[in-house]
Amino acid sequence: MPDPLDLLVIGECVADIVRSADASARVHPGGSPANVAYGLARLGHAATLLTQLGPDDHGRLIRSHLTDAGVAVRTDGSTAPTPTAVVTLDREGRAAYAFEIGWTLAPVAPDRPPHHVHTGSIAAVTDPGAATVLAAVEALRTSATVSYDPNVRPALMGDHDTAVRRAERCVALSDVVRASDEDLAWLYPGEEPETVARRWLDRGPALVLVTLGGDGALAVLPGGRVTVGAFGTEVVDTVGAGDAFMSGTLHALAAHGLLGAGGRERLRSADRATLADVLRHASASAAVTVARAGANPPDAAELSAALARGRAGGGAPARDPRRAVRHGAADG
C-alpha cells in the first residue's frame with residue numbers, strides 16, 4: 001500500500017438504540033459518517049472524524065468506540081445531546097429507523113490538510129450544519145479527493161425537490177459517489193439506477209458506485225461500466241452494511257494510489273480491472289459486516305480472509321441473496 005493518507009470524514013454520530021424482534025434493546029455507536037471513519041481506522045488508515053457529540057453517556061460511548069479503533073475525533077464544542085436513532089429489527093434482520101437528530105455543526109479547521117474527504121448522509125441535508133459541511137468540502141477539494149454517500153433517510157430529507165438539489169450539488173463536488181438502488185429510487189422514482197448513475201457521472205465525479213442488493217454492485221465510469229456479484233454470507237443484521245462498503249471502497253482506492261489530489265487524474269483513467277478489484281473489496285467488507293451484529297466492519301486481516309473465501313467459493317450467492325448486500329437499507 002502507498003504511504004498512509006490522511007482521511008477526513010465529516011458528519012454525524014448517532015447512538016443506535018437497537019430493538020430486536022424479541023423486544024430486547026441494545027445501544028450501538030452509529031451514524032453513517034462515523035461508521036465510515038471507524039471502518040477506515042479498522043483497515044489501518046489515519047482517519048479523522050469532524051462531528052458533534054453531546055456531553056452525555058451516548059456521546060462518551062461513541063467517542064470511546066471511535067478512539068479505541070484509532071479514529072481522531074474532533075468536535076465543534078456543541079453541548080447539544082448526542083443524536084439517537086431507534087432501530088427496530090424484524091425477524092429477517094432488516095432495520096427500520098426513527099430519529100431524534102439535530103445537526104448544527106460549526107466550522108472547525110482540520111489539524112492538517114487531508115488527502116481525502118468523505119461526507120454524506122444526514123450531515124449533508126440537515127440545516128444548519130449542512131451548510132458548514134458543504135463549505136468545508138468546497139474549500140478542501142482543491143487539495144483532496146472527495147467522496148459522497150447520500151444514505152437517504154426519507155424521514156429526515158425534508159422537501160423532496162430540495163433534497164434532490166442538495167444531493168446533486170454534493171455529487172458535483174465529488175470524485176467518488178456511492179448510492180444504493182433504494183437511495184436512487186427515493187431521489188428519482190421510476191428511473192433505472194444506471195441511468196441516474198450516468199447522469200450523476202456527467203456532473204463531475206470520476207466514479208459512481210451503485211449497490212444492487214442481491215444483484216451485487218455496479219461501477220459507472222467515463223469508459224463504461226463494471227459489475228460484481230454479491231458475496232454470499234449468512235446475515236445477522238444489515239446495520240452499517242453500506243458504510244462498510246464505502247470504507248472498503250476507499251481502502252481499495254487508496255491501495256491503488258487513486259486518492260488525494262495527486263490521484264485524481266489516475267482515478268479518472270483507472271481501468272476496469274482496477275475498479276473490479278475495488279468493487280470486490282467493497283462488497284467483501286459489507287459481507288463481513290452483515291454477518292455479525294451492529295455496524296462492525298472488518299479489519300484488514302478479516303477483509304483479506306473474506307476476499308480469499310470469495311475467490312475459493314467462486315462468488316456463490318447467499319442462501320437469500322437479496323439479503324446479502326442490501327447496502328442502502330440499513331446503514332447506520
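Hydrogens, waters and symmetry mates are skipped; everything else that's a heavy atom, side chains included, is used.
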Query raised in the report: With no hydrogens and no angle check, is any side-chain donor or acceptor of R292 less than 3.5 Å from a backbone partner on P297?
Result: yes
Report task. Please collect all ring-ring contact (aromatic ring centres under 6.0 Å, His included) contacts where either partner lies in residues 134-176, sequence neighbours excluded, each pair once. Result -> H160-W186
Query raised in the report: What's the shortest heavy-atom distance between D16 and G31, and which atoms?
Result: OD2-N, 4.4 Å
Requested in this report: Indicate the atoms forming the closest heavy-atom contact of V278 with H256, along with that distance.
Outcome: CG2-CD2, 4.1 Å
Query - From H58 atom NE2 to I17 atom CD1, the distance as rounded to the nearest 0.5 Å - result: 4.5 Å
Report summary line: Minimal heavy-atom distance between G54 and T82, with the atoms involved, is N-OG1, 2.8 Å
Query raised in the report: Are a donor atom and an acceptor atom from the side chains of S283 and R280 found within less than 3.5 Å of each other?
Result: no
**Report entry** Distance-only donor-acceptor check, side chains T211 and R178, under 3.5 Å
**Finding:** yes
Query raised in the report: So, the side chain of E302 versus the backbone of D299: is there a donor-acceptor pair under 3.5 Å, distance only?
Result: yes
**Report entry** Nearest heavy-atom neighbours spanning H281 and A252
**Finding:** CB-CB, 3.8 Å
Query raised in the report: Is it true that atom CD of E191 has more than 12 heavy atoms of other residues, nucleotides or ligands lying nearer than 6.0 Å?
Result: yes
Query raised in the report: Does any donor atom in the side chain of T274 or D277 lie under 3.5 Å from an acceptor atom in the other side chain?
Result: no
**Report entry** Main-chain N/O of F245 paired to T249 side chain as donor or acceptor, under 3.5 Å
**Finding:** yes
Requested in this report: Using atom types as modelled and distance alone, determine if a side-chain donor or acceptor of R268 lies under 3.5 Å from a backbone N or O of P222.
Outcome: no
Query raised in the report: Is the W200 ring parallel, tilted or perpendicular to the Y188 ring (thresholds 30°, 60°)?
Result: perpendicular
Query raised in the report: If only atom types and distance count, is the side chain of R266 paired as donor or acceptor with the main-chain N or O of G257 below 3.5 Å?
Result: yes
Query raised in the report: What distance separates L258 CG from L250 CG, expressed to the nearest 0.5 Å?
Result: 11.0 Å
Report task. Please confirm whether the backbone N or O of I10 pairs with a side-chain atom of T119, one donor and one acceptor, at under 3.5 Å? Result -> yes
Report summary line: In this structure, CG of N35 is separated from CG of L66 (nearest 0.5 Å) by 8.5 Å
**Report entry** R169: side chain to side chain donor-acceptor pair (under 3.5 Å) partners, not counting sequence neighbours
**Finding:** E138
**Report entry** Under 3.5 Å: donor-acceptor pair, side chain of D149, backbone of D243
**Finding:** no
Query raised in the report: With no hydrogens and no angle check, is any side-chain donor or acceptor of D76 less than 3.5 Å from a backbone partner on A106?
Result: yes
Report task. Taking all heavy atoms of S121 and all of E12, pick out the closest pair and write down the distance. Result -> OG-OE2, 2.9 Å
Query raised in the report: Rounded to the nearest 0.5 Å, how far apart are CG of L156 and CH2 of W103?
Result: 13.0 Å
Query - L201 versus P205, closest heavy-atom pair with distance - result: CD1-O, 3.4 Å
Query - P114 side chain reached by L140 side chain, heavy atoms, under 4.5 Å - result: yes
Query raised in the report: Does the distance from a Lys or Arg side-chain N to an Asp or Glu carboxylate O, for R60 and D57, drop under 4.0 Å?
Result: yes
Report summary line: Taken to the nearest 0.5 Å, the spacing of L259 CG from H115 NE2 works out to 10.0 Å
Report task. Assess whether atom CD of E100 is packed by more than 12 heavy atoms of other residues, nucleotides or ligands within 6.0 Å. Result -> no
Query raised in the report: How long is the gap from CG on L218 to CD on E194, to the nearest 0.5 Å?
Result: 5.0 Å
Query raised in the report: What pairs with S174 under side chain to side chain donor-acceptor pair (under 3.5 Å), at least two apart in sequence or on another chain?
Result: none
Report task. Answer whether the closest heavy-atom distance between the side chains of D111 and R74 falls below 4.5 Å. Result -> yes
Query raised in the report: Hey, is the main chain of G260 close enough, under 3.5 Å, to the side chain of T145 for a donor-acceptor pair?
Result: yes
Query raised in the report: So, D175 side chain and A206 main chain: donor-acceptor pair closer than 3.5 Å or not?
Result: no
Query raised in the report: Do the non-hydrogen side-chain atoms of S147 and M246 ever get within less than 4.5 Å of each other?
Result: yes
